[in-house]
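Encoded as structure tokens, the structure appears first; notes follow it.
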Amino acid sequence: MDQETLGSVVLLAIITLISVVQNAFFASKVEHESKHCNGKGFQRPGSSAFDRVYTANQNCGHAYPTFLAVLWCAGLLCSPAPAAFAGLMYLFVRQKYFVGYLGERTQSTPGYLFGKRIILFLFLMSVAGILNYYLIFFFGSDFEMHIKTITSAISPLLLIP
């Protein structure tokens with residue numbers, strides 16, 4: 001693998017590994033709450049603290065495959081740096097969602113909505129990369145530099161709540 005390709009993949013791999021560590025952290029919170037409730041299994045009827053931690057972990061887990069798919073598609077097909085930045089922002093937002101869910105459920109709503117916006121951005125980056133490929137294939141027009149410039153300019157806007 002050449003250095004340029006490897007450099008593109010390394011950013012995405014770093015974000016993926018950070019997300020794995022985050023998932024392990026969420027799982028440890030579920031395990032800790034389970035032990036705190038003095039039981040051996042993960043069934044805790046009546047334990048609202050365990051229910052909140054378990055549900056927050058499940059919700060984050062359900063969105064995880066979608067996040068990984070659009071992160072890698074956007075990074076490989078469009079531009080790795082803005083995709084990695086959006087991925088990092090998504091991990092911060094997911095942490096905010098998880099912690100917010102442990103409080104009142106309404107505290108998790110901003111993290112959920114912000115996460116949806118980041119996933120949409122990554123999805124649109126993926127679509128732009130696919131469209132550019134077919135424009136090159138059928139018409140010989142390459143808009144890669146324009147797309148990279150636009151995504152690089154737009155990605156900092158993800159910081160606006």
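Taken from OG1 in Thr151 to CG in Leu122, the straight-line distance is 10.5 Å, to the nearest 0.5 Å. One finds the CD atom of Gln22 at 9.0 Å from the CZ atom of Phe98 (value rounded to the nearest 0.5 Å).
A heavy-atom distance below 4.5 Å is found between the side chains of Gln95 and Phe26. Side-chain contact check for Arg94 versus Asn23: some heavy-atom pair is nearer than 4.5 Å. Side-chain contact between Met125 and Phe121: present, with at least one pair of heavy atoms (C-beta onward) separated by less than 4.5 Å.
For the side-chain hydrogen bond (donor to acceptor under 3.5 Å, both in side chains) condition, no pair includes a residue of residues 81-93, sequence neighbours left out.
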**Request:** Under the salt bridge (Lys or Arg N to Asp or Glu O under 4.0 Å) rule, what do Lys29 and Glu33 come out as? Steps first, then yes or no, please.
**Result:** CA-CA 6 Å; Lys29 287 292 192 184; Glu33 195 59 42; over 6 Å; no
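For the residue pair Ile15 and Leu91, the shortest heavy atom distance occurs at O-CD1, 3.8 Å.
Asn132 pairs by the side chain to side chain contact (heavy atoms under 4.5 Å, CB included) definition with Ile136, Asp142, Phe143, Glu144, Ile147, not counting sequence neighbours.
Note on Val21: it does not cluster hydrophobically with Phe92, by side-chain heavy-atom contacts below 4.5 Å among ILVMFWY residues. Under the 4.5 Å side-chain heavy-atom criterion for Ile, Leu, Val, Met, Phe, Trp and Tyr, Met89 and Leu11 are members of distinct hydrophobic clusters. Using a 4.5 Å cut-off between side-chain heavy atoms of Ile, Leu, Val, Met, Phe, Trp and Tyr, with links allowed through other members, Val99 and Leu113 fall into different hydrophobic clusters. Phe25 and Val30 fall within the same hydrophobic cluster, where Ile, Leu, Val, Met, Phe, Trp and Tyr residues are linked whenever their side-chain heavy atoms come under 4.5 Å apart, directly or through other members.
Aromatic ring pairs are classed by plane angle as parallel below 30°, tilted from 30° to 60° and perpendicular above 60°; the pair Tyr97 and Tyr101 is tilted.
One N or O on the side chain of Thr55 and one on the backbone of Asp51 form a donor-acceptor pair closer than 3.5 Å.
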Show every donor-acceptor pair shorter than 3.5 Å between a side-chain atom in residues 60-88 and any protein atom, with sequence neighbours excluded, or say none if there are none.
{"residue": "His62", "atom": "ND1", "partner": "Gln58", "partner atom": "O", "Å": "3.3"}
{"residue": "Tyr64", "atom": "OH", "partner": "Ser19", "partner atom": "OG", "Å": "2.7"}
{"residue": "Trp72", "atom": "NE1", "partner": "Thr16", "partner atom": "OG1", "Å": "2.9"}

